[in-house]
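Structure record follows, encoded as structure tokens.
Below, chains carry the letters A, B, ... as their sequence lines are ordered, and counting in each starts from 1.
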Amino acid sequence: MNFAKLLPADVLLAWYDRHQRALPWRLTPEAHAAGDRADPYRVWLSEIMLQQTTVKAVKPYFERFVTLWPTVESLAAAGEEPVLREWAGLGYYSRARNLIACARRVATDLGGRFPQTSLELQDLPGIGPYTAAAIAAIAFNERAAVVDGNIERVFSRYFAISAPLPQAKADIREHVLAATPSLRPGDFAQALMDLGATLCTPRSPACALCPLEEGCVARRGGNPTAFPVKAPRKVKPVRRGAAFIAERAGDGAVLLVKRPVKGLLGGMSGVPTTHWTARQDGETGISAAPLAGEWQRAGTIGHVFTHFELRLDVFHAVICSQTAASATLDGWWSAPRHLPEEALPSVMKKAISAALPQAFAPAPQRGNLA
DNA sequence: GAGACGTGGCT
DNA sequence: TAGCCAAGTCT
């Protein structure tokens with residue numbers, strides 16, 4: 001493809017040298033100047049965590065992971081459970097399972113070294129076109145076309161691309177490849193992402209501060225927020241279900257089960273629930289309770305997933321230790337002080353909290369509460 | 001290609 | 001507030 005115009009990498013890189021964000025997975029400018037190279041493990045880990053996830057949400061998780069598992073070998077040697085527990089709350093849990101699979105493949109099959117090309121990286125579990133290009137560019141200096149949501153937005157505005165996403169992806173990718181410099185491809189990608197995150201934002205872009213303002217076609221046209229054009233999104237269906245908080249008499253332990261590896265919240269822990277279906281009737285679902293007991297309604301929680309909205313009726317029962325001990329269970333009883341450490345997705349914590357408000361209450365502060 | 005797949009923050 | 005949105009991947 002032949003482009004009459006390129007997005008100017010030199011201008012963007014000059015801006016990046018002044019305004020880049022300091023991020024835990026990023027080399028400091030001083031370290032970079034001293035000749036340090038980015039650690040492929042940290043680049044990979046951060047890129048997996050950042051898939052569809054905000055920088056703010058990722059930061060504490062990233063810090064915790066690199067503290068617990070500073071190398072790909074240490075992560076590969078970790079059990080699945082501790083990794084899922086640490087991932088709990090970050091969402092998109094298949095990422096955590098792929099993370100483990102990828103670490104083990106790198107540690108065992110590849111001698112602990114990540115492949116250095118985007119082509120090979122993309123063969124690893126959890127690494128798609130974006131992540132492969134990002135790792136190759138940032139860690140291995142490959143002139144790879146890195147295209148994420150930020151970069152799609154920046155380019156669709158800069159060139160006023162009127163075709164809607166995702167159809168425009170191929171066109172955008174060509175523009176990105178053409179503009180990517182051989183010298184600092186990783187910095188170029190990160191500069192675009194910083195620009196998209198801080199100036200060329202979805203809602204109210206700060207065009208007056210943008211280093212690319214001069215050549216930006218959308219800016220010239222006066223309506224940068226008209227780009228990127230996207231297909232209208234579909235309405236979220238509502239599903240309903242019931243969740244059962246079984247509390248063991250005596251110690252207050254809660255019955256947990258491990259969810260099937262495939263599907264929603266796959267491989268994570270949770271309380272027993274009915275299936276989540278589209279049924280709208282007032283049926284309680286108590287008949288699906290995992291144990292005999294005096295089940296009481298503890299409320300209804302709402303939770304919004306990417307593709308549906310859930311309304312979950314929460315039931316609570318105190319189970320006498322006799323029943324708790326004798327019943328056939330495929331789960332386990334988790335004592336109150338262990339509950340916060342379980343691999344519980346947010347929706348499960350929300351359900352448990354509806355019945356047991358103190359379950360995940362923040363640790364009491366020292367000193368007096370006003 | 002389109003749908004499944006989480007969560008929390010921001011406007 | 002109710003959407004909209006975030007450094008996507010897998011099937």
Sub-6.0 Å ring centroid separation between Phe308(A) and Phe305(A): yes

Touch class at under 4.0 angstrom, heavy-atom based, for Arg26(A) against every strand present: base

Parallel, tilted or perpendicular: rings of His19(A) and Trp15(A) (30°, 60°): tilted

Check: Phe62(A) ring centroid to Trp25(A) ring centroid under 6.0 Å: yes

Distance in angstrom units between Leu99(A) CG and dC10(C) P, rounded: 13 Å

Sugar-phosphate, base or nothing in reach of Thr131(A), heavy atoms under 4.0 Å: sugar-phosphate

Sugar-phosphate only, base, or nothing, as touched by Pro125(A) at under 4.0 Å among non-hydrogen atoms: sugar-phosphate

Touch class at under 4.0 angstrom, heavy-atom based, for Trp25(A) against every strand present: base

Whole-Å gap separating P (dA2(B)) and NZ (Lys230(A)): 15 Å

Between Arg95(A) and Gln51(A): side-chain donor-acceptor atoms closer than 3.5 Å: no

Polar side chain donor-acceptor pair, Glu47(A) to Thr131(A), under 3.5 angstrom: no

Distance under 6.0 Å and angle within 45° of ring axis: Arg259(A) vs Trp276(A): yes

First encountered from the 5' end of DNA chain C, between Lys236(A) and Ile127(A): Lys236(A)

Value in whole Å for how far the C1' atom of dC5(C) lies from CG of Leu165(A): 14 Å

Under 4.0 Å protein heavy-atom contacts per nucleotide of nucleotides 3-10 of chain B, with B for base, S for backbone only and - for none: SSBBBSS-

Spacing of Leu23(A) atom CG relative to dA6(C) atom C1', expressed in whole Å: 14 Å

Presence of Arg233(A) side-chain N/O under 4.0 Å of dC5(C) phosphate oxygens OP1/OP2: yes

